[in-house]
Amino acid sequence: MAKITITLPDGSTKEFESGITGLQIAESISKGLAREALAVEVNGEVWDLSRGILSDASLKILKWDSDGGKYAYWHSSAHLMAEAIEALYPGTKFGIGPPIETGFYYDIDFGDHNLTPEDLAKIETKMYELAARDVPYIREEKKWEDAVAYFKKKGDPYKLELLEELKGQTITFYQQGNFTDLCYGPHIPSTGRIKAIKLLSVAGAYWRGSEKNKMLQRIYGVTFPSKKELDEYIFRLEEAKRRDHRKLGQELELFLLTPKVGGGLPLWLPKGTIVRETLENFLKEEQRKRGYLPVVTPHVGSINLYKTSGHYPYYKDSQFTPVKVEDEEYLLKPMNCPHHFQIYAAKPHSYRDLPIRLAEFGTVYRYEQSGELNGLIRVRSFTVDDSHMFMRQDQLKDELCKVIELIQLVFTTLGFQDFKTRLSFRDPKNKEKYGGEDALWIQAERDIKEAADFMKLNYYIGIGEAAFYGPKIDFMVRDAIGRTWQLGTVQVDYVMPERFNLEYIGSDGQKHRPVVIHRAPFGSMERFIGVLIEHFAGEFPLWLAPLQAVVLSITDEHISYAEQVTAELKSAGIRVELDDRNEKVNRKIRDWETKKVPFMLVVGDKEKANGTVAVRQHKKGDLGAMARDAFVKKALENIQQKALTV
RNA sequence: GCUGGCGUAGCUCAGCGGUAGAGCAGCGGUUUCGUAAACCGCAGGUCAUCGGUUCAAAUCCGAUCGCCAGCUCCA
């Protein structure tokens, strides 16, 4: 038998007989490792532990703590669920059942049967039963014809459709217990590894993700190697519910969504407006420092504007129907750029004046499908903290870097530490989706990548995610339930300056075409604040809190002193209210704690006599008495620094 | 838009064929109180809307509207 050399992650090498399996290698290292091993990475590819390794390889044993291990685990769980379903509902047809970021799903055709929560409970119970058999997942290679024959006999049209695309190739099957599936794996050694199971939800999902196909029923589930980990996961789900911005928005009276106004058309309540305006003022101030010029434009515009820009043909389906006035058609503006271009184009520009940075908090209107609407995060009317920057080609990279710097400032000020960045490029296989010449796209994508590298952004590339007029850098943040959302965006545009015939006079006296950057650090005020509410769980830092402090009088005796304290804070610029209700302090404290107000200032006999306030901090409790001016000073400093904590 | 689930007082929810209920919030009183809910009383609803079944519908059936989850979409 030939010997092979295996290189382990620490760089050490070991000799084994050719054909040795990952599991055997794990056993040779330690029993504990073999017990926890789920899969093995062989030369960067994830394999089953039971698969024989035939030649020299670098190898890593994958456990639960690795993504590859988790994926194999959840993938195997999906197969286990399918087996349970087949046992309970014979004749069901299976689509696909992959692992996802957290857990797995399987798309299944149940015929006429609609799954109920009771069905899920039944399937879950069956899964526990099947897992306990502790049977192995067995990999098997088959000839294509044999694979087709198997699913023909079984009568599964979806698997046959998948096989059509693999024609002529060697097909791998995986079998555990009474269930065999078409699958390239890898899988964990046996069902017994699956200890804790939770089926989460059922939802419709189109076969192969196309609206034209039949809708299957998708069951989402998640499994863990221990009950404890499942409990922790469920706790996180509940925590996410607690942070839901729609719930907090109502409780804290930040915004209102009512069908009386219309879906996706939020009303900003006084408290929410304070948060929003505070954020706007913050950005306006930073932009003022950086030479942006504020402008204001109307909410509608002639449809010709959008025909020129190219939005109209590309995005007809997601705009509100045009309104007709005196035989002319107007559009509720889906974006601000065409308006800003008119401002630039209204007079000639010298190369010396560039870059010109026009900025506006511009409200735009987009017709989103009703099923897409989601609190503040997906709406039909939203305000973009927009800017369009007109510049020479030689200024582009520097401007891109400055914009990235501003966005980083905004994100870090608001405590978003682990945002992701995506370089959104076009899909070269689908060029008709995009406007503009090839050469311009290649140039623009190179510019973006250079700027991202220079600013040391930690990014990944998203093919097919570009705007129709140019590539983007998108800043992505996770919400409370783990969904990622695009917030800030920077886009390079060579296309629209062409369409709008924008120009400047160069040092050579000739006309030249400027480059445009579209950028929005918040992206949309609505979405940003929606995510922000969840990020802070409604507990805003002092500078953003709609109400920063409440003065609590203990009895009627103290109201006049409390009024004096309130007036002093107010004139110092602190957002403060007086609670002089005829209630016990305990009651008042409870009420304002639930409203998440950062500070409560309790005033009674002692404070009145000493001219102090008893400071109570949200969630921290009593901080003791403090001189009035000392509190004001401390609070103002914190606000001024935009501190994330008090 | 599609599939499924859900619509009862301002909010959270009970009632699930036999005359609409509770707690909180609101209003009126009593109480004047030191770090997370004082007490008494009053008021508040075409049970989403429309239609059907029934002697009788919040409750059963259908349609419409809205909300939620997922899918599709996302400038």
Side-chain angles (χ1 to χ4, degrees), chain A residues 105 107 114-117 200-220 241 244 246-247 250-251 253 257-260 262-263 306 309-312 314-315 317-319 333-337 364-375 377-380 382 384 386 424 465-470 472 474 481 483 485-486 489 491 493 496 518 520 523-524 527 552-559 580-595 600-607 614-625:
Chain A
Y105 67 79
D107 285 347
N114 273 326
L115 283 175
T116 61
L200 298 163
S201 61
V202 200
Y206 299 106
W207 168 237
R208 317 207 79 186
S210 166
E211 274 184 287
K212 294 182 195 85
N213 289 339
K214 179 166 179 177
M215 187 169 268
L216 308 179
Q217 297 189 63
R218 173 174 296 179
I219 305 178
Y220 284 93
K241 252 189 231 164
D244 190 316
R246 292 165 299 193
K247 184 169 171 278
Q250 179 182 282
E251 282 172 13
E253 296 180 38
L257 283 159
T258 161
K260 286 179 182 154
Y306 300 97
S309 71
H311 288 114
Y312 192 68
Y314 281 98
Y315 295 110
D317 294 341
S318 35
Q319 289 159 177
K333 68 174 171 187
M335 42 176 36
N336 300 304
C337 11
V364 297
Y365 301 86
R366 297 177 192 177
Y367 170 72
E368 304 286 355
Q369 298 185 82
S370 55
E372 293 313 319
L373 302 176
N374 177 293
I377 286 180
R378 198 78 185 270
V379 288
R380 285 182 174 156
F382 60 94
V384 183
D386 223 341
S424 300
E465 302 285 353
F468 80 88
Y469 51 76
K472 312 185 280 179
D474 291 318
I481 351 182
R483 298 181 283 207
W485 295 98
Q486 179 188 322
T489 181
Q491 314 175 354
D493 183 2
M496 286 214 252
H518 308 236
S524 124
R527 177 176 290 181
L552 311 183
S553 55
I554 288 178
T555 74
D556 291 356
E557 291 294 298
H558 314 109
I559 291 182
D580 60 0
R581 287 177 302 165
N582 177 7
E583 293 287 355
K584 292 183 170 177
V585 231
N586 276 321
R587 174 52 184 275
K588 295 185 182 182
I589 286 168
R590 191 193 131 79
D591 285 352
W592 295 107
E593 280 289 339
T594 61
K595 295 245 164 78
M600 283 175 241
L601 306 175
V602 180
V603 298
D605 286 337
K606 280 180 273 174
E607 290 73 22
V615 180
R616 183 194 164 94
Q617 193 186 326
H618 175 56
K619 286 179 91 179
K620 291 251 171 71
D622 193 358
L623 302 183

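Proteins come first, then strands; the chains are lettered A, B, ... in the order of their sequence lines, and each starts at number 1.
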Within the modelled atom types, does a donor on one side and an acceptor on the other bring the side chain of Tyr367(A) and the base of G1(B) under 3.5 Å apart?
no
Verify the contact: side-chain N or O of Arg246(A) to OP1 or OP2 of A69(B), cut-off strictly under 4.0 Å; return yes or no.
yes
May I have the distance from Lys584(A) (atom NZ) to C39(B) (atom P), rounded to whole angstrom?
8 Å
P atom, C6(B) versus C24(B): distance in rounded Å?
30 Å
Looking only at side-chain atoms of Glu372(A), point me to the closest of A38(B), G1(B), U35(B).
G1(B)
Rounded distance in Å between the P positions of C13(B) and C68(B)
15 Å
State the pairing partner of A48(B); accept Watson-Crick or G-U wobble contacts with both distances under 3.5 Å, and report none otherwise.
U64(B)
5' precedence on RNA chain B between His558(A) and Tyr365(A) (nearest-nucleotide basis):
His558(A)
Sub-3.5 Å donor-acceptor pair from the side chain of Arg378(A) to the main-chain atoms of Leu373(A), do we have one?
no
Any strand: nucleotide that pairs with G21(B) via Watson-Crick or wobble, under 3.5 Å:
C13(B)
Does Lys619(A) offer a backbone N or O that forms a donor-acceptor pair with the side chain of Glu593(A) under 3.5 Å?
yes
Roughly how many Å apart are C47(B) and A20(B), using the P atom of each and rounding to a whole number?
9 Å
Taking G28(B) as the reference, what is the distance to G4(B) when you measure between their C1' atoms (whole Å, please)?
48 Å
Contact class for Arg616(A) (heavy atom, under 4.0 Å): base, sugar-phosphate, or nothing?
base
Candidate nucleotides U12(B), A37(B), G34(B), ranked by approach to the side chain of Lys606(A) - the nearest:
G34(B)
Grab the CG-C1' distance between Leu373(A) and C65(B) for me, whole Å please.
15 Å
Using a 4.0 Å heavy-atom cut-off, does Gly604(A) contact any base of the nucleic acid, only the sugar-phosphate backbone, or nothing at all?
base
Rounded to whole angstroms, how far apart are CD1 on Ile589(A) and C1' on G34(B)?
8 Å
G28(B) -> Watson-Crick or G-U wobble partner, both distances under 3.5 Å, gives C40(B)
I want to verify a distance call: between C71(B), U35(B), G34(B), whose nearest atom is closest to the Glu607(A) side chain?
G34(B)
Asp107(A) backbone acceptor or donor facing Arg218(A) side chain under 3.5 Å:
no
When we call it a touch if two heavy atoms are under 4.0 Å apart, what does Asn586(A) touch: a base, just sugar-phosphate, or nothing?
sugar-phosphate
Please check this pair: side chain of Lys588(A) against backbone of Arg581(A), looking for a donor-acceptor N/O pair closer than 3.5 Å.
yes
Of the candidate nucleotides A25(B), A69(B), G66(B), which contains the atom at the shortest distance from the side chain of Pro259(A)?
G66(B)
Remember a base hit wins even if backbone is also touched, and classify Tyr220(A) as base, sugar-phosphate or nothing at under 4.0 Å, heavy atoms.
sugar-phosphate
Minimum-distance nucleotide to Ile554(A) side chain [options: A36(B), C71(B), C33(B)]
C33(B)
With a 3.5 Å limit on both atom pairs, tell me what C71(B) is paired to, counting Watson-Crick and G-U wobble, or say none.
G1(B)
Of the listed A69(B), A37(B), G1(B), the closest approach to the Gln369(A) side chain comes from G1(B)
Sticking with atom C1', work out how far G18(B) lies from A57(B), rounded to a whole angstrom.
10 Å
Output the single nucleotide from C71(B), C33(B), A25(B) whose closest atom is nearest the side chain of Val585(A).
C33(B)
Could you tell me the separation between the CD atom of Gln250(A) and the C1' atom of C24(B), rounded to a whole number of Å?
14 Å
Check this for me: does the side-chain of Arg378(A) come within 3.5 Å of the base of C74(B) through a donor and an acceptor?
yes
Between C1' of C67(B) and CD1 of Ile377(A), the distance in whole Å
16 Å
Report the base-pairing partner of A57(B) (Watson-Crick or G-U wobble, both distances below 3.5 angstrom), or none.
none
Phosphate-side-chain proximity, Asn374(A) and A69(B), N/O vs OP1/OP2 below 4.0 Å
yes
Rounding to the closest angstrom, what is the interatomic distance between C16(B) and C60(B) at atom C1'?
10 Å
In whole Å, what separates the P atom of A14(B) from that of U8(B)?
10 Å
Could you check whether any side-chain N or O of Arg366(A) sits under 3.5 Å from a backbone N or O of Met335(A), counting only pairs where one atom can act as donor and the other as acceptor?
no
How about Glu557(A): does its CD atom have over 12 heavy atoms from other parts shown lying under 6.0 Å from it?
no
Can you tell me which nucleotide in G34(B), U32(B), C2(B) comes closest to the side chain of Met215(A)?
C2(B)
Between U32(B), A37(B), C11(B), which one does the side chain of Asp556(A) approach most closely?
U32(B)
Do Glu368(A) and Val379(A) pass the side-chain contact (heavy atoms from CB on, under 4.5 Å) test, and can you show the C-alpha distance, the side-chain angles, and the key distance before you say yes or no?
CA-CA 7 Å; Glu368(A) 304 286 355; Val379(A) 288; over 6 Å; no
Between Arg581(A) and His618(A), who's closer to the 5' end of RNA chain B by nearest nucleotide?
Arg581(A)
Separation of atom OH in Tyr105(A) from atom P in G4(B), rounded to whole Å
20 Å
The nucleotide from C33(B), A38(B), C71(B) with an atom nearest the side chain of Tyr206(A) is C71(B)
If G34(B) has a Watson-Crick or G-U wobble mate with both distances under 3.5 Å, name it; if not, just say none.
none
Work out how far the P atom of A58(B) is from that of G17(B), and round it to whole angstrom.
13 Å
Could you walk me through whether Asp591(A) and Lys595(A) pass salt bridge (charged side-chain N to carboxylate O under 4.0 Å, His left out), step by step?
CA-CA 7 Å; Asp591(A) 285 352; Lys595(A) 295 245 164 78; over 6 Å; no
May I have the distance from Arg590(A) (atom CZ) to A37(B) (atom C1'), rounded to whole angstrom?
5 Å
For Met496(A), does its backbone N or O pair with a side-chain atom of Asp493(A) as donor and acceptor, under 3.5 Å?
yes
In whole angstroms, how far is the C1' atom of G10(B) from the NZ atom of Lys260(A)?
11 Å
How is Val202(A) classified with respect to the nucleic acid when contacts are heavy atoms under 4.0 Å: base, sugar-phosphate, or nothing?
nothing
Could you check whether Asp605(A) gets within reach of a base, just the sugar-phosphate, or nothing at all, counting any heavy atom under 4.0 Å?
base
